[in-house]
Amino acid sequence: MSRSARLIVFAAGAVGLAALMAWGFAGLPDFGGYTGRYGRIVAQIAGPDRAATNTVTFTAFDVRAVDTLVEEFIVFAAAIAAVALLRHQRGEPERAEHPDDVLRPRTSPALMVVGAALAGPTTVIALNVIAHGALTPGGGFQGGVVLAATAVVIVAAGARVRLPPDEPPRFAEFIHGLGAAGFVLLGLAGLVFAGAFLNTTWAGHGTTGALLSGGAIPLLNVATGLEVAGAIIVILAEFLEQNMLVVEEPES
Amino acid sequence: MTLLAYGVAAWLFLAGLVGIVRSRNLIGVVICLSVVQSSTYVLLLAIGYRSGAKAPIFADIPSGTPVVTLTDVVVEATVTAVLLALAVQAHKRFGTLDPDRMGVMRG
């Protein structure tokens with residue numbers, strides 16, 4: 001199909017879609033006038049039932065924890081897919097002859113200083129965001145991304161990395177799998193100790209506002225944080241290996 | 001305000017679709033897809049927003065605490081990475097990122 005014909009077909013479809021969207025949106029509640037019961041009920045039970053003060057995390061990791069499990073596995077699958085797609089192809093220049101090459105990013109002194117200075121604070125912020133998921137805005141997904149950023153900052157600071165060809169970084173792959181398995185195991189713990197998969201009450205409530213409160217929600221956040229951080233580091237390492245790192249010249 | 005909120009969602013969705021159809025570069029397609037996805041965030045927020053209400057977080061938060069994101073934003077980022085990996089593979093195989101010039105897929 002030629003380009004112009006394709007655009008005409010698309011235009012016809014898009015006009016129809018726009019009309020359907022206008023029709024559908026007309027039936028939605030006015031902006032600011034949400035009256036659904038779901039949000040109100042969840043907000044009412046978060047405190048008394050689970051000692052969780054962050055209703056958003058309570059929803060994601062307790063009321064709808066199965067949805068979050070599936071989202072986590074999308075991240076898990078995406079990381080594996082990226083590794084599979086970016087693996088060494090036949091007919092490409094071989095790196096396998098020198099599997100022990102030490103790779104180094106092209107970096108500048110200013111970037112090295114900033115990277116080195118940021119590595120510590122970023123780690124602390126990441127752990128803080130993950131640990132307080134049940135209490136304040138934050139949680140495993142957000143903290144996991146910040147944790148992965150720590151690895152990026154360290155590489156930007158000029159860290160030498162060894163990436164064996166055809167193999168994702170072992171440590172990141174390990175915490176990636178540990179996080180995914182941990183989420184399922186915590187769900188099974190709910191099944192064994194509280195009678196329902198991903199029931200979080202078995203871990204006890206704790207005092208409202210304390211670091212260890214909200215049942216198993218903090219544990220689920222830690223699992224998610226590890227999984228997300230591992231997945232993103234695996235993906236970034238694969239992209240880095242493509243051509244952003246240079247083989248370090250042996251020092252003479 | 002109602003019109004604006006839902007209008008932005010519909011606009012982002014359709015503008016992203018137009019971008020995907022017109023794009024001459026696979027990376028452009030991936031970016032346009034994330035524009036389409038972001039329309040769903042605007043729609044969700046527009047439906048769920050309640051005027052004059054506070055965020056349902058009942059801890060005493062020191063002012064300035066940021067970080068409210070959707071789990072889906074992370075998922076979108078990782079899925080985008082997979083799509084970009086596909087673009088890398090397509091470029092290796094066909095030597096171009098223009099979807100129209102890629103010709104017949106080979107095994």
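Throughout, a chain's letter reflects where its sequence line sits, starting with A, and its residues are numbered from 1.
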Quiz item: Under 3.5 Å, side chain of R22(B) to main-chain N/O of L7(A), donor-acceptor pair present?
Solution: no

Quiz item: Taking side chain as C-beta onward, heavy atoms only, is V88(B) less than 4.5 Å from F239(A)?
Solution: yes

Quiz item: Who wins among L14(B), V79(B), L3(B), L4(B) for the most heavy-atom pairs under 4.5 Å with chain A?
Solution: L14(B)

Quiz prompt | 4.5 Å side-chain heavy-atom contact, I235(A) and V82(B) | solution = no

Practice problem: Please report the shortest heavy-atom distance between F31(A) and A46(B), naming the atom on each side. | Solution: CD1-O, 3.6 Å

Quiz item: Non-hydrogen atoms of chain B under 4.5 Å away: do they reach the side chain of V145(A), the backbone, both or neither?
Solution: side chain

Quiz item: Which residues in residues 23-30 of chain B have a heavy atom less than 4.5 Å from any heavy atom of chain A?
Solution: S23(B), R24(B)

Quiz item: In this structure, are over 12 heavy atoms from other groups packed under 6.0 Å from L20(A) atom CG?
Solution: yes

Quiz item: What option among A81(A), A82(A), A14(A), P29(A) has the most heavy-atom pairs under 4.5 Å with chain B?
Solution: P29(A)

Self-check item: Residues that N221(A) engages under side chain to side chain donor-acceptor pair (under 3.5 Å), provided they are two or more places apart
Solution: none

Quiz item: Can you name the residues that form a ring pair (Phe, Tyr, Trp, His ring centres under 6.0 Å) with F76(A), not counting sequence neighbours?
Solution: F73(A), H176(A)

Quiz prompt | Distance, nearest 0.5 Å, that separates CD of E238(A) from CG of L84(B) | solution = 14.0 Å

Quiz item: Looking only at heavy atoms, what is the nearest atom pair of Q89(B) and L86(A), with distance?
Solution: NE2-CA, 4.1 Å

Quiz item: With respect to chain B, which residue among A78(A), A46(A), G143(A) yields the maximal number of heavy-atom pairs within a distance under 4.5 Å?
Solution: A78(A)

Quiz prompt | Distance-minimising heavy-atom pair for F25(A) and Y6(B) | solution = CE1-O, 3.5 Å

Self-check item: Set of residues satisfying side-chain contact (heavy atoms from CB on, under 4.5 Å) with respect to L118(A), sequence neighbours excluded
Solution: V114(A), T122(A), V153(A)

Exercise. Kindly determine whether F10(A) and V18(B) satisfy side-chain contact (heavy atoms from CB on, under 4.5 Å), including the steps that lead there.
Key: CA-CA 8 Å; F10(A) 169 75; V18(B) 171; 3.5 Å; yes

Exercise. Mind ranking L17(A), L28(A), L236(A), I74(A) by heavy-atom pairs under 4.5 Å with chain B and telling me who comes out on top?
Key: L28(A)

Quiz prompt | Atom pair CG (L85(A)) and CG (L86(B)), whose distance is rounded to the nearest 0.5 Å | solution = 4.5 Å

